[in-house]
Each structure stands twice: as C-alpha cells, then as structure tokens.
Colleague: 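After the structure tokens below, expect a handful of questions from me.
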Protein chains: 2
Amino acid sequence: MSVQARRVTSSDPVTILEIAAEVLTAQPGASLADVAAAAGVGRTTLHNRFPTREALLLALAHDSLDRCADATMNAGVHGVDETTSRAELQAILTRLVHAYIPLGPRLDFLLQQPRAAVDETLQARIPELDAPLERFIAHAQQADLIAPDLPPWWVVGTLYSLTYSAWDHIASGNLAPREATPLTLRTFLKGCGL
Amino acid sequence: MSVQARRVTSSDPVTILEIAAEVLTAQPGASLADVAAAAGVGRTTLHNRFPTREALLLALAHDSLDRCADATMNAGVHGVDETTSRAELQAILTRLVHAYIPLGPRLDFLLQQPRAAVDETLQARIPELDAPLERFIAHAQQADLIAPDLPPWWVVGTLYSLTYSAWDHIASGNLAPREATPLTLRTFLKGCGL
DNA sequence: CCGCGCTTGAACACTCATGTTCAGAACTAT
DNA sequence: ATAGTTCTGAACATGAGTGTTCAAGCGCGG
C-alpha cells in the first residue's frame with residue numbers, strides 16, 4: 001500500500017529511510033554524513049538517492065505518513081459503518097494501538113518537523129490521516145464504546161498521545177512491549193469511554 | 001522560587017528566554033540571529049547574555065525545568081500525606097493540570113532536546129521533577145482516587161501526555177483555553193481512576 | 001571477457017551559523 | 001553635565017554542513 005515501489009538493492013532506500021528516521025529523530029540536527037554513516041552507506045550514495053537534505057526529510061515524512069496510513073488501513077478502520085458491532089470496533093481499536101505503538105519514532109519525527117517548512121503535499125496528507133480515525137471514533141460513539149459528548153478530535157488526540165507515551169516508556173525501559181497495548185487500551189477506553 | 005534572580009533591564013534575560021523558547025520550539029534549527037531578531041535584540045547582546053548557543057539552550061532548559069518545578073510546588077503537590085482528603089487531592093490535581101497546560105512549549109522544548117547532548121546537571125533534575133509527582137500519585141492511589149494497580153510512572157506519563165495534547169489542541173485552535181483543564185482532567189481521572 | 005550500472009572516497013567550492021572584536025550610540029545614575 | 005554601563009551594528013575569521021564533480025572499485029549480466 002506504500003506509495004513508493006522501488007526495486008530492492010543491497011542498501012535500498014527503504015532501509016536508509018528507516019535508519020535516517022532513527023538518527024534524525026534522536027538528533028534533529030544530525031549531518032547527512034552522520035546519516036550516511038549510520039546507514040552504512042557513502043555520503044555520495046545518499047546524495048544520489050536524495051539530492052538534497054530537504055528531499056530526504058520530505059521522503060522521510062511521506063514514508064512516515066505511509067506507515068501510519070498502512071497501520072490505519074490494516075486495522076480495518078475503513079470498513080466500519082452503523083452495523084459494526086461493539087466487539088468488532090474494540091478489536092479494530094486494539095489492532096490500531098498495537099500497530100501504532102512501534103511507529104513512535106515516526107510520529108516523533110513528524111511532530112518535530114517545523115510546520116512552516118512543510119510543503120503543501122505533506123500538509124494536505126495530515127487531515128487525510130486523521131479523518132478516517134475521526135469517522136471511526138464517531139461510529140464508536142454511536143455504538144456506545146466512546147463517550148458521545150467528547151469531540152472526536154479530542155478522542156483521536158488522546159489516542160495519539162497515549163500511544164506515544166507508551167512508546168516513550170518502552171524506549172526508556174520502563175514498559176515491556178507486551179504490556180504496552182493492553183495498558184494503553186485500558187487507559188484510553190476508560191478515559192474516553194462511557 | 002526560580003534559581004536565577006537577575007536584575008531586570010529593558011530586555012531582561014527572562015523575556016529573551018521566553019521568546020527563545022517559542023522560536024526554538026517552533027523551529028529547533030533556528031539561528032541565533034533569528035532568536036535575537038524575534039526578541040527584538042541585537043545578536044551581540046544575545047551573545048553577551050549567553051556566550052554560546054549551548055549556553056542558551058542550557059539556560060532555556062533550566063528555566064523550563066524551573067517553571068515545571070514551580071507549577072508542581074504551587075499546586076501543593078508536596079503537602080500531601082496519608083491524611084489528605086480525596087477532595088483536596090483532586091483540587092491539587094486540578095491546579096496541577098491548569099498550571100501545566102501553558103507550559104506546553106516548554107515541555108515540547110525539553111522533549112526535543114537530544115538526550116545525549118544534555119549535561120549532567122540537567123539530566124539529574126528530571127527525576128527530581130517526576131519523583132514528587134509519583135509520590136503524589138501514590139497517595140492518590142491510597143485515597144482511591146487513582147487505580148492502585150497502575151504503575152505511578154504510567155499515571156504520570158498519562159498526565160503529561162494528556163496535558164501536552166490539550167496544549168496542542170489549544171495551539172491549533174481546536175480547543176478553547178477555558179475548556180482545556182476540565183476536558184483534560186475528566187479524561188485523565190476516568191482513564192486512570194477506579 | 002567486457003561493458004554497464006551502482007557505489008565509493010576524495011577533493012573542491014560554496015553557503016551559512018557561530019563566535020569575536022570594536023567603535024559608536026543610548027541610557028542611567030551621580 | 002559627565003562618567004560608567006549597556007546595547008547595537010558592522011566587520012571579520014573560523015568551522016561545519018552541503019552540494020558537486022570525478023576517477024577508481026565492485027558486482028553482475030550479456
């Protein structure tokens with residue numbers, strides 16, 4: 001479902017983006033030489049793949065958005081309507097949280113991006129990512145899974161922030177990955193539930 | 001209660017830090033010239049106040065931590081013990097959330113700081129900031145205000161992330177400042193309550 | 001075997017942030 | 001008014017990151 005479908009080489013762009021995400025998230029001011037070194041690639045090669053620094057940041061942002069969109073899609077958020085059962089809605093929510101927690105570094109990167117410098121195509125994708133989630137929340141409210149008086153954007157924001165918090169605790173060694181999803185889900189469902 | 005007590009001039013360091021926080025949070029890579037311009041101050045003056053960029057970042061981090069410590073202190077977190085009533089605990093929590101929400105940019109700044117580059121004195125202050133909160137949460141658990149099976153660090157993390165989320169919604173224009181505290185409190189208390 | 005593509009390290013010029021110095025302006029207190 | 005302090009703009013040297021070019025190395029298929 002990813003936008004980019006390039007052929008795979010020994011050090012393919014996807015891997016480079018993966019590592020670039022880690023490096024640039026940990027240290028937003030890292031030089032391209034640092035990124036190339038971390039990816040085990042020559043600086044020239046990095047420039048061949050991504051002509052400018054901004055191109056790399058842009059590709060990284062789009063890739064991060066792709067992953068979020070994939071996670072949303074795979075959880076089954078798009079398949080809900082008025083007839084979807086409460087149990088099914090909760091199952092989707094579980095898959096959603098489970099898929100989003102590992103995306104912590106990517107969410108971190110997206111949040112760190114200065115909004116002014118972000119280009120239009122990127123700016124336009126953020127609402128596209130939130131909209132299906134808010135629709136899903138609206139359905140969950142109709143099914144009495146989520147408190148109906150809460151604004152959907154607040155519920156989605158709560159979901160994001162709790163998920164990010166869970167990833168942060170995992171990264172700092174406090175939280176075992178296996179316990180992250182149930183803990184996050186419990187806090188979210190009680191916090192935004194009836 | 002702040003560590004620093006300098007004399008006040010027309011463009012005192014506190015104001016500079018205030019504006020530097022905004023600028024550097026919005027754009028972490030902003031140049032010192034940008035900061036100086038935003039503060040309405042010559043670049044030379046900025047260099048007189050903070051000899052190096054790192055000195056500015058360090059002062060900013062310490063100032064941010066000061067504000068957080070002040071907010072915690074003023075909310076009355078330190079005065080609790082086993083005899084504190086549930087109502088009083090909840091009142092403290094309310095003051096805490098209310099005081100922390102405006103600190104959003106500062107929390108953002110502290111989180112963006114690459115952990116490796118942070119010096120020791122700064123590193124040591126973070127646990128000093130969390131410890132009283134966790135103690136407070138432990139008391140709230142004994143008073144049946146917070147679910148006793150949740151780890152205090154998770155509860156504190158939830159409090160932080162919801163507060164940050166509230167500030168984010170205010171900044172993006174979704175949420176009216178007056179409604180931020182009750183909304184955050186409600187979500188938190190239900191999420192981490194019994 | 002040979003050519004083709006990709007990678008790589010080195011070298012280069014260029015830009016920009018940084019830190020420093022200095023002399024003049026503005027402001028304050030005596 | 002005057003001396004002392006601070007602020008300010010300008011200029012400069014320095015260093016680091018960036019983008020470019022090029023020649024050499026390597027793998028792979030024809």
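Naming convention: chains lettered A, B, ... in sequence-line order (proteins, then strands); numbering from 1 in each chain.
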Colleague: Any idea how B:Tyr100 and B:Tyr160 line up, ring-wise: parallel (<30°), tilted (30 to 60°), or perpendicular (>60°)?
Modeller: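 Answer is perpendicular, since the angle exceeds 60°.
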
Colleague: Could you tell me if B:Thr45 and B:Asn48 have a donor-acceptor pair between their side chains, going purely by distance under 3.5 Å?
Modeller: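 Side-chain D/A pair, B:Asn48 to B:Thr45: absent.
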
Colleague: Answer yes if the side chains of A:Asp168 and A:Ser165 hold a donor-acceptor pair under 3.5 Å, and no otherwise.
Modeller: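 A:Asp168 vs A:Ser165: no donor-acceptor pair found between side chains.
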
Colleague: Rounded to whole angstroms, how far apart are CG on A:Leu57 and P on D:dG17?
Modeller: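 A:Leu57 atom CG is separated from D:dG17 atom P by 16 Å.
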
Colleague: Do other residues, nucleotides or ligands put more than 12 heavy atoms under 6.0 Å from the NE2 atom of A:His98?
Modeller: no

Colleague: Measure from CG on B:Leu24 to P on C:dA17 and round the result to the nearest Å.
Modeller: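 The distance from CG of B:Leu24 to P of C:dA17 comes to 13 Å, rounded to the nearest Å.
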
Colleague: Please give, in whole Å, the distance from C:dG19 P to B:Leu46 CG?
Modeller: 10 Å

Colleague: Between C:dT7, C:dA17, C:dT8, spot the one nearest the side chain of B:Ser31, thanks.
Modeller: C:dA17

Colleague: Please pick, from D:dG19, C:dT8, C:dT18, the nucleotide with the shortest atom-to-atom distance to any side-chain atom of A:Arg53.
Modeller: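 Closest nucleotide to the A:Arg53 side chain: D:dG19.
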
Colleague: Taking the side chain of B:Leu32 as heavy atoms from C-beta outward, which of D:dG19, D:dT8, C:dT18 is closest to it?
Modeller: C:dT18

Colleague: Considering only C:dT18, D:dG19, D:dG17, which nucleotide approaches the side chain of B:His47 most closely?
Modeller: C:dT18

Colleague: Given atom CD1 of B:Ile16 and atom P of D:dT6, what is their separation to the nearest angstrom?
Modeller: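 That distance rounds to 14 Å.
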
Colleague: Find which nucleotide of DNA chain D each of A:Thr44 and B:Thr44 is nearest to by heavy atoms, and output the residue with the more 5' nucleotide.
Modeller: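 Its nearest nucleotide lies further toward 5', so the answer is B:Thr44.
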
Colleague: Closest to the A:Asn48 side chain: D:dT8, C:dT8, D:dG19?
Modeller: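 Given the options D:dT8, C:dT8, D:dG19, the side chain of A:Asn48 is closest to C:dT8.
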
Colleague: Side chain of A:Arg43, base of D:dG17: donor and acceptor closer than 3.5 Å?
Modeller: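 There is none.
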
